[in-house]
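What you are looking at is a predicted structure, and each value in this text was computed from that prediction instead of being measured.
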Amino acid sequence: MKVAMTDMDIAWEDKEKNKSLCAAMVKEAAMYGADLILFPEMTLTGFSNDVPKIADKEQETLHFFTELAEEKRIAIGFGYVSMPDKKGRNHFALIDANGSLRMDYLKLHPFTHGGEADFYEGGNEFGCFTMLEQWNCAGFVCYDLRFPESFQKLPDRDVIFLIANWPKSRIHQWYALLRARAIEMQSYVVGINRTGTGNGICYPKSSVAYTPKGRELIAETGELNRYVELKWDARRRYAEVFPVRKDRRKGFDYE
């Protein structure tokens, strides 16, 4: 699976400007032969607690990326916000190359320290799906990365995707936690972070992919995106030869 990793400098709460940038990134990813392109959390707005302002009214973000996926024949993962009631929902959606919605995950853990819990309701289900016939995948959002028990409860996954707005002030933790999740899950882990500045917070270029052994994948660099190749057979062989997760105590209350 060839994955296009974006380092998107999101224009603060400006959906139309961000749509133009996303379209250009998708176009390049398709030219590079990527199977999937991944965008950061709250792709078209940046991480904002102004839910009434940024929330989709009629699933317009889903429609926008669905049309792009169908036109360019590439799967697209992105973040958006809905407001079904008084609180928002922080989504990570994935549309396949045929324009079908494969995942619409709701972030499990609102970020209380950043005020998110006051404005957003957490989800209650994992975002598990299959793509390219054989890849068992899962999706998480930003702060979810800090809760390893959530990852451990997943069924066996070949790759885990995580989208974020993770600040420069804690970026060393971003790398450490992503690598740890890859090692303990024996899965590829791809973390997509935004860049630039949003609402006074700085975000460094830090999208990254790790192998199931915890090694960083060296990315091919395009003009707008970076590209990594994930190998299904290699991941499966490693999990079979060194079956760490099979030794996890079944029925034991790790909490």
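- A search for salt bridge (charged side-chain N to carboxylate O under 4.0 Å, His left out) contacts involving Lys53 returns Glu13, not counting sequence neighbours.
- Residues Leu154 and Ala138 approach most closely at CD1-CB, 4.0 Å, considering heavy atoms.
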Original post:
Going through the checks in order, is the salt bridge (Lys or Arg N to Asp or Glu O under 4.0 Å) test met by Asp156 and Lys246?
Top reply: CA-CA 10 Å; Asp156 187 49; Lys246 290 183 179 179; over 6 Å; no

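- Between Phe78 and Ile163, every side-chain heavy-atom pair lies at or beyond the 4.5 Å cut-off.
- In this structure, Thr66 and Phe64 have side chains that are not in contact, with every pair of non-hydrogen atoms separated by 4.5 Å or more.
- Distance check, rounded to the nearest 0.5 Å: CE of Met131 to CG of Asp158 gives 11.5 Å.
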Original post:
Run the salt bridge (Lys or Arg N to Asp or Glu O under 4.0 Å) check on Glu121 and Lys107 step by step: do they pass?
Top reply: CA-CA 9 Å; Glu121 191 75 36; Lys107 185 177 182 180; over 6 Å; no

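- No side-chain donor-acceptor contact under 3.5 Å links Asn49 to the backbone of Phe119.
- Of the possible donor and acceptor atoms, none in the side chain of Lys205 sits under 3.5 Å from a partner among the backbone N and O of Met8.
- Atom CD1 of Ile10 is separated from atom SG of Cys22 by 8.0 Å, given to the nearest 0.5 angstrom.
- Phe147 forms part of a hydrophobic cluster together with Phe111, Tyr143, judged by ILVMFWY side-chain heavy-atom separations under 4.5 Å.
- Closest heavy-atom contact between Val3 and Leu230: CG2-CD1, 4.0 Å.
- With no hydrogens or angles considered, no side-chain donor-acceptor pair links Gln186 and Arg245 at under 3.5 Å.
- In this model, no donor atom of one side chain and acceptor atom of the other lie less than 3.5 Å apart for Asn98 and Glu70.
- Ring orientation note: the planes of His91 and Tyr80 are close to parallel, at an angle under 30° on the 30°/60° scale.
- The shortest non-hydrogen separation linking Thr43 to Gly79 is OG1-N, 2.9 Å.
- When the shell of 6.0 Å around NZ of Lys168 is examined, it contains 12 or fewer heavy atoms from other residues, nucleotides or ligands.
- Between Leu145 and Leu178, the closest side-chain pair of non-hydrogen atoms falls below 4.5 Å.
- Distance check: Leu38 CG to Ile76 CD1 gives 10.0 Å after rounding to the nearest 0.5 Å.
- Shown here is Lys27, whose NZ atom has no more than 12 heavy atoms of other residues, nucleotides or ligands within 6.0 Å.
- Asp14 and Asn18 get closest at one heavy-atom pair: O-ND2, 2.9 Å.
- In this structure, Lys87 contributes its side chain and Asp85 its backbone to no donor-acceptor pair below 3.5 Å.
- Nearest approach of Pro167 to Ile201, heavy atoms of both residues: CB-CG2, 3.7 Å.
- Judged by distance alone, the side chain of Arg89 and the main-chain N or O of Ser82 form no donor-acceptor pair under 3.5 Å.
- By the 4.5 Å heavy-atom criterion applied to side chains, Glu220 and Val228 are not counted as neighbours.
- Separating the CD atom in Glu116 from the CG atom in Asn165 is a distance of 10.0 Å, to the nearest 0.5 Å.
- We find the OG1-CZ distance between Thr211 and Arg179 to be 8.5 Å, quoted to the nearest 0.5 Å.
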Subject >> Stepwise side chain to side chain contact (heavy atoms under 4.5 Å, CB included) test for Met185 and Gln152 >> reply: CA-CA 7 Å; Met185 297 299 294; Gln152 288 289 342; 4.3 Å; yes

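- With hydrophobic clusters built from ILVMFWY side chains whose heavy atoms lie under 4.5 angstrom apart, Ile160 shares a cluster with Met1.
- A search for salt bridge (charged side-chain N to carboxylate O under 4.0 Å, His left out) contacts involving Glu184 returns Arg181, not counting sequence neighbours.
- With hydrogens and angles disregarded, no donor-acceptor distance shorter than 3.5 Å links the side chain of Asp104 to the backbone of Gly127.
- Remark: side-chain polar atoms of Asp144 are not paired, donor with acceptor, to backbone N or O of Phe140 under 3.5 angstrom.
- Listed for the Glu67 side chain is no donor-acceptor partner under 3.5 Å among the backbone atoms of Phe65.
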Original post:
Given the rule in the side chain to side chain contact (heavy atoms under 4.5 Å, CB included) test, do Leu101 and Leu94 qualify, once you have shown the distances and angles that lead to the verdict?
Top reply: CA-CA 6 Å; Leu101 180 64; Leu94 191 136; over 6 Å; no

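- Side-chain contact check for Phe39 versus Met25: some heavy-atom pair is nearer than 4.5 Å.
- Connection of Ile183 to Phe151 is not established within any shared hydrophobic cluster, with ILVMFWY side chains joined at heavy-atom distances below 4.5 Å, either directly or through further cluster members.
- Between the side chains of Glu41 and Asn90, a donor-acceptor pair is found at a separation under 3.5 Å.
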Subject >> Audit row: Trp166, Ile171, side chain to side chain contact (heavy atoms under 4.5 Å, CB included) steps and yes/no >> reply: CA-CA 7 Å; Trp166 198 286; Ile171 205 64; 4.0 Å; yes

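- The closest side-chain heavy-atom distance from Asn199 to Phe47 is not below 4.5 Å.
- Minimum interatomic distance between Pro110 and Ala117 (heavy atoms only, all atoms of both residues): CB-CA, 3.7 Å.
- No donor-acceptor contact under 3.5 angstrom links the side chains of Thr6 and Asn225, judged on distance only.
- Under a hydrophobic-cluster definition in which Ile, Leu, Val, Met, Phe, Trp and Tyr are linked whenever side-chain heavy atoms come within less than 4.5 Å, directly or via other members, Leu44 and Leu106 are assigned to different clusters.
- Asp118 pairs by the salt bridge (charged side-chain N to carboxylate O under 4.0 Å, His left out) definition with nothing, not counting sequence neighbours.
- One N or O on the side chain of Trp174 and one on the backbone of Ser206 form a donor-acceptor pair closer than 3.5 Å.
- Side-chain contact annotation: Thr61 with Asp56, donor-acceptor N/O pair under 3.5 Å present.
- Formation of a donor-acceptor pair under 3.5 Å by the Gln134 side chain with backbone atoms of Trp232 is not found in this model.
- Within the 4.5 Å cutoff, side-chain heavy atoms of Tyr188 are placed close to those of Arg235.
- With contacts defined as side-chain heavy-atom distances shorter than 4.5 Å, the pair Cys137/Val159 qualifies.
- Both Trp135 and Val189 belong to a single network of hydrophobic side chains, linked directly or stepwise wherever heavy atoms of I, L, V, M, F, W or Y lie under 4.5 Å apart.
- Shown here are the salt bridge (charged side-chain N to carboxylate O under 4.0 Å, His left out) partners of Glu16, two or more places apart in sequence or in another chain: Lys19.
- Under 3.5 Å, the side chains of Arg146 and Gln173 contain a donor-acceptor pair of N or O atoms.
- Residues Leu62 and Met103 do not share a hydrophobic cluster, defined by chaining ILVMFWY side chains whose heavy atoms lie under 4.5 Å apart.
- Atoms CG and NZ, on Leu132 and Lys2 in that order, are 13.5 Å from each other to the nearest 0.5 Å.
- Legend: ring-ring contact (aromatic ring centres under 6.0 Å, His included) pairs involving residues 4-37, not counting sequence neighbours, sorted by first then second residue: Tyr32-Tyr227.
- Distance alone, capped at 3.5 Å, places no donor-acceptor pair between the Asn136 side chain and the Arg157 backbone.
- Not less than 6.0 angstrom separates the ring centroid of Phe92 from the ring centroid of Tyr105.
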